[in-house]
Amino acid sequence: MSQDKEFFTTFFSIMGGLAVFAIILVIIALNLTSEVSDYKPDEIVIENIKPVGEVYIAGESEPPAGSAVAPAETVAVADSGAAAAPKSGEEVYKSNCMACHATGAAGAPKTGDAAAWAPRIAAGKDSMLANATKGLNAMPPMGLCMSCSQDELQGAIDYMLDQSQ
Ligand code: HEC
């Protein structure tokens, strides 16, 4: 009997010691996780794999903070000195229409070629603006100036017509 008693005393003191040890481990583990709970793997991964460059469209989105590139509109404003001024007919023509209309490329009526423009002028300004807006054969919609307003397109047409009378 006394042997049994000795066995149980030793057995329970070892079990008790292990239980205390286990609780200590749990406490240590909880402390460790609380220390790293600020760690947000998603944000860190996204930060590390984000592209080195970003595309922004002048006038439609803001350049990323810290970017050295000035938005095209800012440049245009600096040039013309007027805030958010619509582009002049000449500006639109030079940046969008000249490629085809200065040379007559792809069968475009050439700027200065009165004969090429005469039948189009005869059809009326509205018809020309409509055709320039929606495109006509090799003439791409809006002359590819997708940000151009109707006024700006009309300005570019007037600029060409002024030189093609
Ligand atoms: C890719 C070449 C190209 C570009 C760029 C281009 N055009 Fe044209 N454009 C043409 C061609 C080709 C025609 C003749 C289409 C036809 O009659 O078949 C034409 C015709 C026109 C006409 C006559 C439409 C009519 O009613 O007959 C107008 C107006 C015009 N373009 C305006 C513009 C303006 C404004 C721009 C710039 C914002 C521009 N184009 C840019 C190729 C171009």
Side-chain angles (χ1 to χ4, degrees), residues 26-165:
V26 166
I27 291 169
I28 292 173
L30 286 176
N31 278 336
L32 280 181
T33 48
S34 74
E35 256 173 45
V36 292
S37 67
D38 289 345
Y39 176 71
K40 300 203 178 70
D42 284 1
E43 283 178 16
I44 292 172
V45 168
I46 287 166
E47 177 69 18
N48 284 343
I49 64 171
K50 74 172 185 197
V52 285
E54 281 173 38
V55 172
Y56 72 90
I57 299 163
E60 284 184 18
S61 54
E62 287 298 308
S67 131
V69 190
E73 273 196 350
T74 312
V75 175
V77 167
D79 284 346
S80 66
K87 281 176 283 180
S88 73
E90 184 179 354
E91 281 172 318
V92 174
Y93 172 75
K94 284 184 173 156
S95 50
N96 294 282
C97 322
M98 208 171 104
C100 298
H101 285 277
T103 59
K110 209 168 145 183
T111 309
D113 184 346
W117 283 101
R120 302 174 196 273
I121 295 170
K125 274 195 155 193
D126 290 349
S127 148
M128 273 193 290
L129 180 59
N131 285 337
T133 304
K134 66 182 189 326
L136 180 68
N137 302 318
M139 163 78 202
M142 307 189 74
L144 296 180
C145 180
M146 294 317 183
S147 64
C148 276
S149 66
Q150 289 284 286
D151 282 349
E152 286 168 329
L153 275 185
Q154 186 62 61
I157 296 172
D158 290 344
Y159 179 81
M160 285 192 276
L161 292 183
D162 281 350
Q163 300 172 55
S164 314
Q165 304 287 334

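Treat the numbers as computed from the prediction; the structure is a model and nothing was measured.
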Tell me whether K50 at atom NZ has more than 12 heavy atoms from other residues, nucleotides or ligands lying less than 6.0 Å away.
no
Taking atom CG as the centre, does D126 end up with more than 12 heavy-atom neighbours from other residues, nucleotides or ligands that are less than 6.0 angstrom away?
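Counting neighbours around CG of D126, 12 or fewer heavy atoms of other residues, nucleotides or ligands fall under 6.0 Å, so no.
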Out of curiosity, [X] [atom1] to [Y] [atom2], how far, rounded to the nearest 0.5 Å?
X: E47; Y: D42; atom1: CD; atom2: CG; result: 13.0 Å
X: I121; Y: Q165; atom1: CD1; atom2: CD; result: 5.0 Å
X: C145; Y: E152; atom1: SG; atom2: CD; result: 6.5 Å
X: I157; Y: T133; atom1: CD1; atom2: OG1; result: 6.5 Å
X: S95; Y: L144; atom1: OG; atom2: CG; result: 11.0 Å
X: S88; Y: K94; atom1: OG; atom2: NZ; result: 8.0 Å

pair K87-S147: side-chain heavy atoms closer than 4.5 Å:
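Side chain of K87 against side chain of S147, heavy atoms only: contact under 4.5 Å found.
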Please report the shortest heavy-atom distance between [X] and [Y], naming the atom on each side.
X: A105; Y: A99; value: CB-O, 4.2 Å
X: K134; Y: P141; value: O-CG, 3.6 Å
X: C97; Y: A156; value: SG-CB, 4.0 Å
X: P119; Y: A115; value: CD-O, 3.2 Å

Enumerate the residue pairs fulfilling side chain to side chain donor-acceptor pair (under 3.5 Å) with a member in residues 100-121, sequence neighbours excluded, ordered by first and then second residue.
Y93-T111
